[in-house]
There are 2 protein chains.
Amino acid sequence: MRRRALIDATLRSLERHGRDGASIRRISAIAGVSSGLISHHFRNKAKLIAAAYESLAIELQETLYRDSGAGDRSPRERVSAFIRASFAPSILEPRILNVWLVFWSMVMRAPAMRAVHDRTYRRYRSILGKLLQSVGRTRGVRVRARPAAIALSALLDGLWIELCLSPGTFRPTEAVMLCESWVDALCGGALPQLLQPGRRRSP
Amino acid sequence: MRRRALIDATLRSLERHGRDGASIRRISAIAGVSSGLISHHFRNKAKLIAAAYESLAIELQETLYRDSGAGDRSPRERVSAFIRASFAPSILEPRILNVWLVFWSMVMRAPAMRAVHDRTYRRYRSILGKLLQSVGRTRGVRVRARPAAIALSALLDGLWIELCLSPGTFRPTEAVMLCESWVDALCGGALPQLLQPGRRRSP
DNA sequence: CTTGCTACTGGACGTTCGATCAATTAGGCT
DNA sequence: AGCCTAATTGATCGAACGTCCAGTAGCAAG
């Protein structure tokens, strides 16, 4: 499908040139087609960018979810795999942050981009929330999925952004450790505001 | 000083128009001067943007530090004030995220921007690290300043970004709660990897 | 008053941008 | 083979971009 190829060319262009890569001419050059073809398959540039945003977000979530769910792991091991996958070399590529920054800067201006963001982030938090809840169950703790997912996703994103912006500040293994520590504290009952009020499940 | 006025106009332009605001013509229009004047005071556009980045980062840190240090508070109260100030309405203004996104997207391309980023973030982590260490001291716990500051700054940034991107997802008070919970867990010894190895200070 | 220097103006130049559209090619259906 | 639709091209348009520079205005020193 041509649309698929154009979306891929868009992502590659944004990786290479950042915001300057969001240009019909650059994208069409990378895709090896004429500039007019983009206007034929997408009404305008904004539609193409929004489609690329959705594509990237969904693909990333599927990668993370697949990596964490592989094999017959315990819930705690699946969270660890999710965290490790979030700081894998291919994800930490600073070029990829470029792409996200372009998308985020459009979220506040284009309603279509905001819709994509809200939808994909809700899914992201849903995945994280379920993972954390099942970990809590095996530890006899009732995790409140929503705030827990919000906190862990913020921690993951914040560490990932800083690692991309200046990779020398700390190492990916430190980022993994900081996330693991937070999960351990959650399971250990040290974050009581993130647990269901009332007694623990196995007293 | 004219340079000061041009930097302020740059920040206002980036707030209003995002990346499109980083244009000599828009900035000069907001400042009420001719386009040529910018090339007179700054060698080129990149120098102006870098100066604006440094100005914004330093001003923000001074605001946060002043708010947290006011009065004769206990260390724990100062951390709370720092966290609350990080989610104050004026900071949460989505327009301000626009400005940071533009700067971050340039960090990976312009060495001068990378230098500004590294310098200001080191200062930011230093402030946070000292605050957390002094809190730990009053609780009989020896906090490792560096990883603790990295984690809390990532949590603050991640929550702040998501709040700016879609303010309806959760409320600022929830963000404050999540950060406070993390600090409580740290002080309570629930994040052992973030403490100095060995015994607690008051056993 | 003249000289010299700095702040400042605004137009010119060459690029690049997004969108448009008439013209051309390709491919399946009858 | 003939035809119709869809895919694709590339030129063209006006607008906006960064930089440059010749020129004006203001002012302090001689």
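Chain identifiers are assigned alphabetically (A, B, ...) following the order of the sequence lines, protein sequences preceding nucleic acid strands; residue numbering begins at 1 within each chain.
- Regarding A/L6, its CG atom lies at a distance of 12 Å from the P atom of D/dA7, rounded to whole Å.
- Atom CG in A/L48 sits roughly 15 Å away from atom C1' in C/dC17 (whole-Å rounding).
- Heavy-atom distances to DNA chain D give each of A/H41 and A/S35 a nearest nucleotide, and the one nearer the 5′ end belongs to A/H41.
- Summarising the geometry, the separation between CZ on A/R19 and P on C/dT16 is reported as 16 Å, rounded to the nearest angstrom.
- At a threshold of 4.0 Å, the pair A/E180-A/R76 counts as salt-bridged, since one of the basic side-chain nitrogens sits closer than that to a carboxylate oxygen.
- Residue contacts for A/R2: at a heavy-atom cut-off of 4.0 Å it reaches the sugar-phosphate backbone alone, with no base atom in range.
- Contact annotation: A/H40 does not reach the phosphate of C/dC21 (side-chain N/O to OP1 or OP2, under 4.0 Å).
- Comparing D/dT8, C/dC8, C/dG18 by their closest approach to the side chain of A/S34 singles out D/dT8.
- By the 4.0 Å N-to-carboxylate-O rule, A/R4 lies close enough to A/D8 to be salt-bridged with it.
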Please test B/T169 against B/S166 for side-chain hydrogen bond (donor to acceptor under 3.5 Å, both in side chains), starting from the C-alpha separation and ending with a verdict.
-> CA-CA 6 Å; B/T169 304; B/S166 61; 2.8 Å; yes

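- Looking at heavy-atom distances under 4.0 Å, B/A22 makes contact with sugar-phosphate atoms alone, never a base.
- Distance, A/N44 CG to C/dC21 C1': 17 Å, rounded to whole Å.
- Nucleotide D/dT19 holds its C1' atom 14 Å from the CZ atom of B/R43, rounded to whole Å.
- For the pair B/R26 and D/dC17, the criterion of a side-chain N or O lying under 4.0 Å from OP1 or OP2 is met.
- Nucleic acid contact for B/L37: base, since at least one base atom lies under 4.0 Å from a heavy atom of the residue.
- Of the listed nucleotides (C/dA19, D/dC17, C/dC8), D/dC17 has the atom at the smallest distance from the side chain of B/S23.
- Ion pairing of B/D67 with B/R78 is absent here, as no side-chain N (NZ or NE/NH1/NH2) approaches a carboxylate O to less than 4.0 Å.
- Which of D/dT19, C/dG10, C/dA19 sits closest to the side chain of A/R25 comes down to C/dA19.
- In this structure, the CD1 atom of A/I24 is 11 Å from the P atom of C/dT20, given to the nearest Å.
- Summarising the geometry, the separation between CD1 on B/I38 and P on D/dG18 is reported as 9 Å, rounded to the nearest angstrom.
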Verdict with supporting geometry, A/T120 and A/Q61, side-chain hydrogen bond (donor to acceptor under 3.5 Å, both in side chains) = CA-CA 9 Å; A/T120 55; A/Q61 283 174 22; 4.7 Å; no

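- A/D20 places its CG atom 18 Å from the P atom of C/dT15, with the value rounded to the nearest Å.
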